[in-house]
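Below: the structure, in structure tokens.
Numbering starts at 1 and runs along the sequence shown.
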Amino acid sequence: MLEEEKTMKSEKIYDGRILGLRVDTVELPNMRYSKREIVEYPGAVAIVAITDEKEVLLVKQYRKPIEKFLLEIPAGKLEINEEPRETAKRELKEETGYDAGKLEYLFEFYPSPGITTEKMHIFLATDLIKGERNLEKGEYIENSSMKFKDIFLKIKRGEIADGKTIIGLHMARNFLEEKGIIIC
């Protein structure tokens, strides 16, 4: 039978602008002890935004941790005391310039629960209203849009490798198909 790990001690190692790092000493079910390094992150949202032409809005940006440009759905970090829906509206506008006439909550998941507290909330944005984007200082993003079928080909070929994007697109397609809306 599985048992929870009991935290015996928690030590804050780093408290940065967007994340923290702590080391927890835990008691294992076999009465031994181990250390867990945990990245504390407030959570994030990602938005599958579909235009009236049935194209998905994408952003391309450089991701320093992996030293690559990635093609992704718009996304961003939750601010203190900000609801995920508000974050989704803000990030969609900031990164693409669009407002969502309709914003539906699809699901949430933990992108990497072995090392971080982050929870990702995925939204579907439709009935889009074009406006001006408002990038944050230090944010450099290239915008594009693409048909679902082309996106799934890029995923299959490994040209789209971002986890939240792959999961979000699959879930959005399933959600729309369950409603009788065929987008591919």
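- For the side-chain hydrogen bond (donor to acceptor under 3.5 Å, both in side chains) with Y62, the qualifying choice from E142, K68, E67 is E67, the only one to do so.
- With 3.5 Å as the limit, one finds a donor-acceptor pair spanning the side chains of E82 and T87.
- Taking the six-membered ring for Trp and thresholds of 30 and 60 degrees, Y105 and H121 have ring planes inclined between 30 and 60 degrees apart.
- Between the side chains of D24 and S10, at least one donor-acceptor pair of N or O atoms lies under 3.5 Å.
- Considering OG1 of T126 and CG of L103, their distance stands at 8.5 Å, rounded to 0.5 Å.
- Rounded to the nearest 0.5 Å, atoms CD1 (I160) and CG (D162) are 9.0 Å apart.
- For the 3.5 Å distance criterion, the side chains of R36 and S34 qualify, holding a donor opposite an acceptor.
- Using a distance-only test at 3.5 Å, with no hydrogens or angles considered, no donor-acceptor pair links the side chain of S112 to the main chain of G114.
- Aromatic ring centres of F152 and H170: separated by under 6.0 Å.
- Between the CE atom of M8 and the OH atom of Y33 there is a distance of 4.5 Å, given to the nearest 0.5 Å.
- Looking at T25 and K35, their side chains do bring a donor and an acceptor atom within 3.5 Å of each other.
- Taking CG from L70 and CD from E159, the interatomic distance works out to 12.5 Å, rounded to the nearest 0.5 Å.
- The CD atom of E79 sits 5.0 Å away from the CZ atom of R90 when rounded to the nearest 0.5 Å.
- Cluster membership check: L176 shares its hydrophobic cluster with L58, using side-chain heavy-atom separations under 4.5 Å among Ile, Leu, Val, Met, Phe, Trp and Tyr.
- Using a distance-only test at 3.5 Å, with no hydrogens or angles considered, a donor-acceptor pair links the side chain of T51 to the main chain of E55.
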